[in-house]
Amino acid sequence: MEDYVISVNKIEDLQMTKDTVALDIIFQRAKSTIVGGCATILVRENRDGSKDKFEEFTSLEDLEAYKKRVYKFL
């Protein structure tokens, strides 16, 4: 298994459209990745196509805290 990369831009778009189904799918895959021994990495995609890594989760507790922050804005 390999690390799972989540685009924060996509998370923000899903928050704006209140697409909880898509968010649930993303977080379920992130959870599976961590349980499998890999990391979940948050990146921000820039207009020029580059990606900036700014956070990495390797524990379910950290992922759950991030998930709560995301759902707080719905």
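Computed from heavy atoms alone, side chains included, the values below leave out hydrogens, waters and symmetry copies. Sequence positions, counted from 1, serve as the residue numbers for this chain.
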- request: Can you see which heavy atom on I34 is nearest to which on S59, and at what distance?
  value: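 Shortest heavy-atom separation between I34 and S59 comes out as CD1-O, 3.8 Å.
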Could you report the tightest heavy-atom contact between K10 and I26, atom names first, then the distance?
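Nearest pair, atom of K10 first, then I26: CE-CD1, 4.1 Å.
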Among all residues two or more places apart in sequence or in another chain, which pass the side-chain contact (heavy atoms from CB on, under 4.5 Å) test with [X]?
X: D48; answer: N46, S50
X: K68; answer: E64
X: A65; answer: none
X: D24; answer: Y71

Review point. Other than V5, what residues sit in its cluster of Ile, Leu, Val, Met, Phe, Trp and Tyr side chains whose heavy atoms are under 4.5 Å apart, directly or through others?
Key: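 Hydrophobic cluster check, V5: joined to I41, V43.
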Note: with side-chain heavy atoms under 4.5 Å as the link, the other cluster members for I25 come out as V21
Atom pair [atom1] ([X]) and [atom2] ([Y]), whose distance is rounded to the nearest 0.5 Å:
X: E55; Y: L63; atom1: CD; atom2: CG; value: 10.0 Å
X: Q28; Y: T33; atom1: CD; atom2: OG1; value: 10.0 Å
X: F57; Y: T40; atom1: CZ; atom2: OG1; value: 8.0 Å

| said: Salt bridge or not between E12 and R44? Use side-chain N to carboxylate O under 4.0 Å. | reply: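 The answer is yes: the pair qualifies as a salt bridge.
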- Consider only side-chain heavy atoms of I, L, V, M, F, W and Y, link residues closer than 4.5 Å, and tell whether F73 and L42 are in one cluster.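 In one cluster with F73: L42, no.
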Closer than 3.5 angstrom, by distance alone: can the side chain of [X] be matched with the main-chain N or O of [Y] as a donor-acceptor pair?
X: D19; Y: L14; answer: no
X: D3; Y: C38; answer: no
X: Q15; Y: L74; answer: no

Exercise. Step by step, would you call L60 with K31 a side chain to side chain contact (heavy atoms under 4.5 Å, CB included)?
Worked result: CA-CA 7 Å; L60 294 176; K31 181 178 178 180; 3.7 Å; yes
| Which is it for I6 and I11 under the side chain to side chain contact (heavy atoms under 4.5 Å, CB included) test, yes or no, and what are the steps along the way? | CA-CA 8 Å; I6 299 174; I11 295 291; 3.6 Å; yes
